[in-house]
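In what follows, chains carry the letters A, B, and so on, assigned in the order in which the sequence lines appear, proteins first and then strands, with residues in each chain numbered from 1. These numbers come from the heavy atoms of this one structure, side chains and all, not from hydrogens, waters or symmetry mates.
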Amino acid sequence: MDNYQASNEIILKECAVNTEEIVRIGEVIESATSHFTAQCYELDSFPPLGALVKTQNSNRQIYGIVFNATTEGIDPGRKPLARGKDASSEKTLYEANPQIAKLLKSQFEALVVGYKEDDRVFHYLPPQPAPIHSFAYLCPAQDVTEFSRSFEFLNTILNSSVSLPHEELIAATLRRMSIVQEDKHAFLITAGKHLATTLSGDFKRLRTILERIRE
Amino acid sequence: MSIEDNRMGIVVSGSSNKGVEVRLDANTSVEDMVVGRYVTIEGQKRRFFGMITEVLLGVTDLNLTQTPPDTKDPFIAEVLSGTSTFGTLQIMPYLTIGGDIESVVEGPQPVKTVPSHYSTVKLAEDRDIELVFGKEDKERFWIGNPLDMETKLCINLPELVKRSNGIFGKSGTGKTFLTRMLLIGMLQKSACVNLVFDMHSEYGWAGTSEKGRSVKALKQLFPSKVAVFTLDEENSRNRGVSTDYVVKIGYNEIEPEDMSLLRQTLNLTDPAVEAVYQMRRKFGNEWFVKTTELADSEDTKELLSSMNIHESTFQNLQRGLNAIKRLPFIQKHTEKKAVNHTIEYLNRGMNVVLEFGRYTDITAYILVANLLTRRIYSQYRDKTEKAMSGAGEPPVPLVITIEEAHKFLNHDIAEKTIFGTIAREMRKYNVTLLVIDQRPSGIDEEIMSQMGTKITCLLDNERDMDSVLSGVSGKSELKAVLAKLSAKQQALIFGHAVPMPVAFQPREYGSAESYKGFSDTVNDTEQAQKDIEDLW
Ligand SMILES: Nc1ncnc2c1ncn2[C@@H]1O[C@H](COP(=O)(O)OP(=O)(O)OP(=O)(O)O)[C@@H](O)[C@H]1O
Ligand SMILES: [Mg+2]
């Protein structure tokens, strides 16, 4: 399967609201209490910004929100070079240079926003970080609806000291989550009101987010 | 949800002095909130009853007012409403009731604290009004409904008439309509009799509404309880009023005190008023005739200089006396019939309305009202004192209604007049006043503060508002409410007869439907029969 197809497929699956199928999208290669990094199995096959992802180990699932994605050389000393000058398309470029896929890796970072244990969802940090090499999955619609019943994760994002685009991330997360809601409008309004209360003294930030989630 | 349970918002701050600040819920429109509206607050341990005294808009971040967001975007508008932008109310709690059985039995008590943080604020419901003001019953009279509510607002009339009361409001706000209604209430429920000095002839038989329609007045509704006296027989006849008595006043009835009350209206100088008393000492009861008949002669000059009265003072006095003499209902001599007749009616439990007809001149009004009241009062005093010492029954409590009250009770004369005395001594001798005025600031401050209950319609003059509210706690908050009343048929009542101030809309008066409610016609024939039996 070619890289573009792979990533498109993921997006399609994630957007398909009713899908219950769990899509594996990578493997944790760096883990901290507040965020983790997972490598994708295919180049460029990232989950989208703001997507809810999870790791699953024994009876604990850890939820994260994708806030960053990168593709870089496996060897930090060797940077990728442009190779397509004579190629007619990007596809032919890959065909002509099959080694590329081996020299590069795609990975994404997710901010930990909660976990689930014994069928209960908690909107705060888990006791331990996700084990290294845990598989990372894209959450199906059911997980998203369940998780978004509380807006506490908005505060987690807002207050996070991890370097991330706070307003952009919140907007992206809410846009994605709204897709699976029964009443999309009501969901966004309630989220907006929650933010308005939290950001009561900072209308500029509030406005930045609202501008990005209004329908 | 919030519509069903009437919830409007929560308490966010407050003080026992200035009342509480309430943050409106997002789905309560600030535009539905009106100053003067009656609300309840559910504290942790007790419920509070209060009134909206101010409505404000708030923002959490000043940036919202400096660079307003795109409000055309319905999404942003909806998000901000009630969160970043919100409505705030200032509410003055007046009464409170505890949750335990004892407190419930005791009923609402004056507030000495504030509801705790985040207590829920609701619009008052019918039962809240009933709990505080009581239901219509044989003592409580339905005077109207609280602003924006359908519930009947009732006041206890026997309680009301225990003190002198006032009705205020600028011209055309509904004072006369309110007074007429209160008089009806008293006829029905207060066990007192009324004497009304009816300057514009609108309480006895018929009044007029602004649309020029005629509205029934007391005698039409209570023929067996009301007598109409007139000073102007011809005028009453022309208006088709069947009067019970024509009042005439004799020179011999006029006392020096009457003259001092008329000092301003007759333009008398102080020495001239002084001279009246001298004349009285000199000529006795006949002083009025004798003084007016003093010719411009040497004898007179001698007399005046012997009394130390200046020529010009005397002329000033004579001019004043002649003005009185010209009043058509003044006669040379009467047997004080008017006073005796009035008292006789009142003693029988008949309410007396004295129409002035064409004599709406203030001189006539002051003279007659003062003269009759003084005599009636002294009889009441004698009777009450006798009753207190065990001889005979005390007289039926009497309420005297006067208009243009500041002419009787202004600072300069309140001390000296009979009305000042009555207003100050509450109900010592079973007489109280109902004063009507459009310029309350003209009334002596002390008298104002002695009034038991005040009902005020809109006043547009700062000084008038201050004077009506002087001595009331939470004055500035009530003033805000008073200033927002509409120009007609809305009023604020506070004082002795009501447990807390309340803004209300007086009952509609003047339609056939309204008369039904007023005249309890159901047992009218029965009542009439009974009245007649009582009389004889
Ligand atoms: N309770 C009421 N029911 C019906 N109409 C009313 C009522 N109150 C006031 N009005 C209307 O308002 C008009 C003015 O009221 P009213 O004559 O009582 O005013 P006022 O204060 O006595 O004025 P003024 O100072 O000129 O004597 C009335 O003619 C009537 O049309
Ligand atoms: Mg009037």
Inspect the contact between A:Glu167 and A:Arg205 and indicate whether a charged nitrogen and a carboxylate oxygen are less than 4.0 angstrom apart. yes
Using heavy-atom distances under 4.5 Å, tell me whether A:Leu199 contacts chain B through its side chain, its backbone, both, or neither. neither
Would you mind checking which part of A:Arg214 comes under 4.5 Å of any heavy atom in chain B, side chain (CB onward), backbone (N, CA, C, O), both or neither? both
Looking at A:Ala196, A:Ser200, A:Gly201, which makes the most heavy-atom pairs under 4.5 Å with chain B? A:Ser200
Looking at residues at least two apart in the chain, or sitting in another chain, which of them share a side-chain contact (heavy atoms from CB on, under 4.5 Å) with B:Gln66? B:Leu62, B:Asn63
Please tell me whether A:Phe147 and A:His123 form a close aromatic pair, meaning their ring centres lie under 6.0 Å apart. yes
Sorted by chain and number, sequence neighbours left out, side-chain contact (heavy atoms from CB on, under 4.5 Å) with A:Ala136 holds for A:Ile25, A:Ala38, A:Phe108
Of the listed residues (B:Asp73, B:Asp61, B:Thr67), which shares the most heavy-atom pairs with chain A below a 4.5 Å separation? B:Asp61
Under 4.0 Å between a Lys/Arg side-chain N and an Asp/Glu carboxylate O for B:Asp466 and B:Lys479? yes
Identify which of B:Thr60, B:Leu80, B:Ile76, B:Val59 forms the greatest number of heavy-atom pairs closer than 4.5 Å to chain A. B:Thr60
